[in-house]
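Step one of this worksheet: look at the structure below.
This chain uses plain numbering: 1 for the first residue, then up along the sequence.
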Amino acid sequence: MNSISTLPIYIGYEEREHSAFEVCRYSILRHSRYWWGENPQIHKLRSKDIKSYHRDHGEPQSTDFTFTRFWVPWLCNFQGMSIFVDCDFLFLDSVFNLIADIDKTKAVSVVKHPPYIPLKDVKMDGVQQHKSFRKNWASLMVFNNEHPKNKILQPEYLNNHIPGIDFHHLKWLDDDDIGDIPMEWNVLDQYYYIKSAKAIHYTEGGPWFGNEFNNTRYGPLWNEYNMMRINDEHECQ
């Protein structure tokens with residue numbers, strides 16, 4: 001029998017979004033567990049678990065994983081491929097198909113969202129909305145951890161380089177180093193609709209924050225997966 005290889009997936013974690021994390025994790029495993037001899041290895045990404053992390057320059061941070069996401073290649077010892085994803089994602093297809101959809105020679109692959117203006121100045125549970133170049137590009141990243149350009153992502157650089165927004169703009173790379181992920185893998189709820197969506201991103205907030213998000217285009221889908229998760233957990237008890 002062939003051994004099962006693993007794909008490290010780091011999900012950004014916030015206590016206030018625990019339900020979002022659980023549904024994101026569940027959706028990944030539901031579609032990807034033991035996929036052709038491979039298995040996603042999911043990690044809860046929290047700053048307190050990274051002993052070398054001590055970035056504190058008074059910069060805006062809407063989540064605990066605003067900057068820790070860029071530590072993923074280092075956390076993987078610069079070996080193989082890995083994925084970072086915000087916790088407010090819902091996957092509808094296998095992450096191994098995501099890997100198949102990219103140019104693996106690129107240092108980082110992302111969905112290159114076109115510029116857009118956020119619907120509100122405040123999102124989620126009162127968190128200030130930020131307008132920026134390449135907004136949401138870093139919400140889902142596939143890293144080629146072994147790419148030479150990613151070797152700069154060491155603790156000293158990650159903790160001390162300013163401004164921090166350079167990381168979200170992928171400024172440690174040349175544009176030619178940034179690969180494309182098809183838009184289907186990062187469909188922004190309340191912004192656009194894609195019939196063949198493979199992953200939904202509840203960037204403005206989801207049903208875990210309250211009833212106002214239940215009736216967005218993809219809100220009911222998140223609730224459906226949450227109920228499937230709860231039912232599956234009960235069956236396993």
Show your working on side chain to side chain contact (heavy atoms under 4.5 Å, CB included) between I42 and L29 and close with a plain yes or no.
CA-CA 9 Å; I42 296 178; L29 292 175; 3.8 Å; yes
Does any donor atom in the side chain of [X] or [Y] lie under 3.5 Å from an acceptor atom in the other side chain?
X	Y	result
N144	T105	no
N226	Y26	no
Y202	Q190	no
D189	H201	no
Y13	H18	yes
N150	W172	yes

State whether the number of non-hydrogen atoms from other residues, nucleotides or ligands found under 6.0 Å of N211 atom CG is greater than 12.
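Count not over threshold, so no.
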Which pairs, with at least one residue in residues 215-226 and sequence neighbours excluded, count as a salt bridge (charged side-chain N to carboxylate O under 4.0 Å, His left out)?
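Sorted pair list comes back empty.
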Using the ring centroid of each side chain, check whether H168 and F70 are separated by less than 6.0 Å.
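They qualify: ring centres under 6.0 Å apart.
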State the [atom1]-[atom2] distance between [X] and [Y], to the nearest 0.5 angstrom.
X	Y	atom1	atom2	value
H54	S47	NE2	OG	12.5 Å
E156	S52	CD	OG	11.5 Å
W222	D88	CH2	CG	11.0 Å
S94	H31	OG	NE2	9.0 Å
I178	L170	CD1	CG	4.5 Å
L188	I200	CG	CD1	9.5 Å

[X] with [Y], same ILVMFWY side-chain cluster at under 4.5 Å:
X	Y	answer
L90	I28	yes
M228	Y218	yes
V95	I194	yes
F209	Y225	yes
V72	I99	no

Find out whether [X] and [Y] are in side-chain contact, i.e. whether some heavy atom of one side chain is under 4.5 Å from a heavy atom of the other.
X	Y	value
L92	L221	yes
Y10	H43	yes
N214	P220	no
N97	W185	yes
F91	R30	no
L140	I83	yes
K198	N186	no
R25	I11	yes

Exam field: side chain [X] to backbone [Y], donor-acceptor pair closer than 3.5 Å:
X	Y	value
H169	G164	no
K135	H113	no
E59	D56	no
N159	P155	yes
N145	G80	yes
S27	C24	yes

Can [X] and [Y] be counted as an ion pair, charged N to O under 4.0 angstrom?
X	Y	answer
D174	K149	yes
D64	R46	no
K44	D49	no

Side chain to side chain contact (heavy atoms under 4.5 Å, CB included) for F89 and S139? Distances and angles first, verdict last.
CA-CA 9 Å; F89 267 70; S139 61; 3.9 Å; yes
Where do [X] and [Y] come nearest, in terms of heavy atoms and distance?
X	Y	result
V111	P182	CG2-O, 3.4 Å
S32	P40	O-CD, 3.4 Å
R55	P163	NH2-C, 4.1 Å

side-chain hydrogen bond (donor to acceptor under 3.5 Å, both in side chains) against [X], all qualifying residues, sequence neighbours excluded:
X	answer
H161	D166
D175	R134
S196	none

Passes side chain to side chain contact (heavy atoms under 4.5 Å, CB included), Q154 versus F78? Steps please.
CA-CA 10 Å; Q154 304 276 352; F78 299 103; 3.5 Å; yes
Does the pair L98 and D93 meet the rule for a side chain to side chain contact (heavy atoms under 4.5 Å, CB included), with working shown?
CA-CA 8 Å; L98 167 57; D93 199 347; over 6 Å; no
According to the side-chain hydrogen bond (donor to acceptor under 3.5 Å, both in side chains) rule, which pairs have a member within residues 67-79, sequence neighbours left out?
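Matches after skipping sequence neighbours: R69-D86.
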List for me each residue that meets salt bridge (charged side-chain N to carboxylate O under 4.0 Å, His left out) alongside E14, sequence neighbours excluded, and say none if there are none.
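E14 satisfies salt bridge (charged side-chain N to carboxylate O under 4.0 Å, His left out) with R16 once adjacent residues are dropped.
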Consider ring pair (Phe, Tyr, Trp, His ring centres under 6.0 Å). Of F65, W137, F84, Y157, which one does F167 pass it with?
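Among F65, W137, F84, Y157, the one meeting ring pair (Phe, Tyr, Trp, His ring centres under 6.0 Å) with F167 is Y157.
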